[in-house]
Amino acid sequence: MLIALHDNFGSKIYWQARRSMRFNKELKQFAIDFRKKYLNSSDLADGTILPTDWRDEMGNRTAKGGPYLSVHLRRQDFALGRPKDVPTIEEAAVQISEQLKKWNLSMVFVATDATKAEYGKLVMLLSNYKVYQFVPTTTLTDGALAIIDQIICSHAQYFIGTYESTFTYRIQEEREIMGFPEQTTFNRLCGKTCDKPSRW
């Protein structure tokens with residue numbers, strides 16, 4: 001499986017392998033409950049129901065997504081090592097606000113490794129909107145939290161990622177599988193540079 005995914009990226013066998021993968025049911029339920037409680041989002045309403053057997057997927061681009069915008073804001077190592085590609089918190093807030101206005105949305109879900117101070121600043125700068133982050137009420141591993149964040153991000157009406165981040169790639173892949181329009185999936189937060197994300 002690993003060889004198929006890494007040696008044949010983007011090929012037919014890659015997508016067959018990727019489409020056959022499903023999230024852990026328990027972690028998926030955390031995301032479902034969070035979306036329902038805070039984001040007015042469900043698979044039925046959002047058009048994101050997938051068949052149990054991946055081979056029955058039709059490949060249509062009809063997914064609407066929940067009435068919220070999602071963002072993967074990578075900080076820490078990216079902010080230090082790739083400052084041209086990563087915006088400041090202030091720049092990120094401006095870009096997020098612009099897209100919220102464009103899509104007439106009032107809620108944003110943020111997946112980030114930012115510090116508490118950085119996240120607090122982002123929330124303050126987006127005070128005209130409802131800003132959400134998944135905070136577990138039970139003990140979960142970092143890997144489990146990452147998967148829940150990815151699921152919630154992947155179901156948004158509009159997604160903005162971090163340039164060349166694997167975490168962002170996984171969300172984009174999931175949105176491709178669910179059938180979101182490309183223009184709502186392949187978007188990035190811009191730093192000093194702003195090359196368009198690759199589409200596949």
Side-chain angles (χ1 to χ4, degrees), residues 23-24 27-48 63-76 78 86-87 89-138 140 142-163 165-181 183-190 197:
F23 287 114
N24 171 280
L27 299 181
K28 188 175 180 180
Q29 193 61 51
F30 277 108
I32 289 171
D33 293 342
F34 184 91
R35 287 166 51 214
K36 181 180 179 181
K37 183 175 182 179
Y38 297 105
L39 300 170
N40 192 27
S41 171
S42 70
D43 287 338
L44 181 60
D46 302 350
T48 54
K64 182 176 72 172
Y68 64 99
L69 181 145
S70 66
V71 179
H72 171 225
L73 174 59
R74 180 77 173 265
R75 299 292 297 163
Q76 295 194 20
F78 266 44
V86 179
I89 296 298
E90 292 85 355
E91 291 168 339
V94 169
Q95 293 171 49
I96 293 167
S97 179
E98 287 175 348
Q99 294 304 320
L100 284 164
K101 291 175 184 175
K102 177 179 177 180
W103 294 91
N104 195 29
L105 296 170
S106 62
M107 298 184 292
V108 55
F109 176 80
V110 181
T112 184
D113 61 352
T115 64
K116 288 184 179 180
E118 288 177 324
Y119 178 72
K121 188 174 186 179
L122 182 67
V123 172
M124 181 190 69
L125 292 168
L126 294 172
S127 60
N128 291 332
Y129 304 97
K130 294 179 181 179
V131 184
Y132 295 100
Q133 186 177 41
F134 180 79
V135 179
T137 56
T138 187
L140 294 171
D142 288 345
L145 289 171
I147 289 171
I148 294 167
D149 274 350
Q150 287 178 352
I151 296 170
I152 298 171
C153 279
S154 67
H155 283 80
Q157 182 177 327
Y158 189 86
F159 171 67
I160 310 173
T162 294
Y163 187 60
S165 165
T166 303
F167 191 96
T168 285
Y169 288 156
R170 298 292 83 84
I171 294 166
Q172 291 170 336
E173 284 180 346
E174 196 63 22
R175 289 175 65 84
E176 282 284 273
I177 290 168
M178 285 189 287
F180 279 90
Q183 66 269 25
T184 69
T185 294
F186 295 97
N187 308 288
R188 61 165 289 193
L189 293 166
C190 297

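All values derive from a computational prediction rather than experimental measurement. Only heavy atoms go into these numbers, but all of them, side chains included; no hydrogens, no water, no symmetry mates. Position 1 is the first residue of the sequence; numbering continues from there.
- Atoms CZ and CD, from Phe167 and Gln150 in turn, are 4.5 Å apart once rounded to the nearest 0.5 Å.
- In this structure, OH in Tyr119 is found 4.5 Å from CD in Gln133, a value given to the nearest 0.5 Å.
- You'll find the side chain of Ile160 stays beyond 4.5 Å of the side chain of Gln95, heavy atoms only.
- Asn187 places a side-chain N or O within 3.5 Å of a backbone atom of Phe159 that can act as its donor or acceptor partner.
- Separating the OH atom in Tyr129 from the NZ atom in Lys101 is a distance of 5.0 Å, to the nearest 0.5 Å.
- At distances below 3.5 Å, at least one donor-acceptor pair connects side-chain atoms of Thr168 with backbone N or O atoms of Thr162.
- Annotation: side chain of Pro67 is in contact with side chain of Met107 (closest heavy-atom distance under 4.5 Å).
- No donor-acceptor pair closer than 3.5 Å links the side chain of Arg75 to the backbone N or O of Asp113.
- In this structure, CZ on Phe180 lies 11.5 Å from CD1 on Ile171, to the nearest 0.5 angstrom.
- The environment of Asn104 atom CG is sparse: at most 12 non-hydrogen atoms of other residues, nucleotides or ligands sit within 6.0 angstrom.
- Between Ala63 and Pro181, the shortest heavy-atom distance links the atoms O-CD, 3.6 Å.
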Report task. Go through the steps to decide whether Tyr169 and His72 satisfy the test side chain to side chain contact (heavy atoms under 4.5 Å, CB included), and finish with yes or no. Result -> CA-CA 10 Å; Tyr169 288 156; His72 171 225; over 6 Å; no
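- Open room surrounds OH on Tyr38; 12 or fewer heavy atoms of other groups in view lie less than 6.0 Å from it.
- Distance alone, capped at 3.5 Å, places no donor-acceptor pair between the Ser70 side chain and the Phe109 backbone.
- Side-chain contact between Tyr163 and Arg74 is absent, with no heavy atoms from C-beta onward closer than 4.5 Å.
- The heavy-atom pair separating Leu125 from Ala93 by the smallest distance is CB-CB, 3.7 Å.
- Looking only at side-chain heavy atoms (C-beta outward), Leu122 and Leu73 come within less than 4.5 Å of each other.
- A heavy-atom distance below 4.5 Å is not found between the side chains of Tyr132 and Tyr68.
- The closest side-chain donor-acceptor pair between Arg175 and Thr184 falls under 3.5 angstrom.
- Inter-residue side-chain proximity for Val108 and Gln99 is flagged as unmet; no heavy-atom pair is nearer than 4.5 Å.
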Query - Trace of the side chain to side chain contact (heavy atoms under 4.5 Å, CB included) decision for Ile152 with Leu39 - result: CA-CA 9 Å; Ile152 298 171; Leu39 300 170; 3.8 Å; yes
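- Within the 4.5 Å cutoff, side-chain heavy atoms of Ile148 are placed close to those of Leu140.
- Residues His155 and Asp43 meet the side-chain proximity criterion, which asks for heavy atoms closer than 4.5 Å.
- Interatomic distance, CG of Asp33 versus OG1 of Thr137, reported as 9.5 Å (0.5 Å rounding).
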Report task. Run the numbers on Leu189 and Ile96 for side chain to side chain contact (heavy atoms under 4.5 Å, CB included), then give the verdict. Result -> CA-CA 8 Å; Leu189 293 166; Ile96 293 167; 4.2 Å; yes
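- One distance of note links OG1 of Thr48 with CD1 of Ile177; it measures 13.0 Å at 0.5 Å rounding.
- Using a 4.0 Å cut-off between charged nitrogen and carboxylate oxygen, Arg170 and Glu173 count as a salt-bridge pair.
- Classification of the Phe134-Phe30 ring pair by plane angle, with boundaries at 30° and 60°, yields perpendicular.
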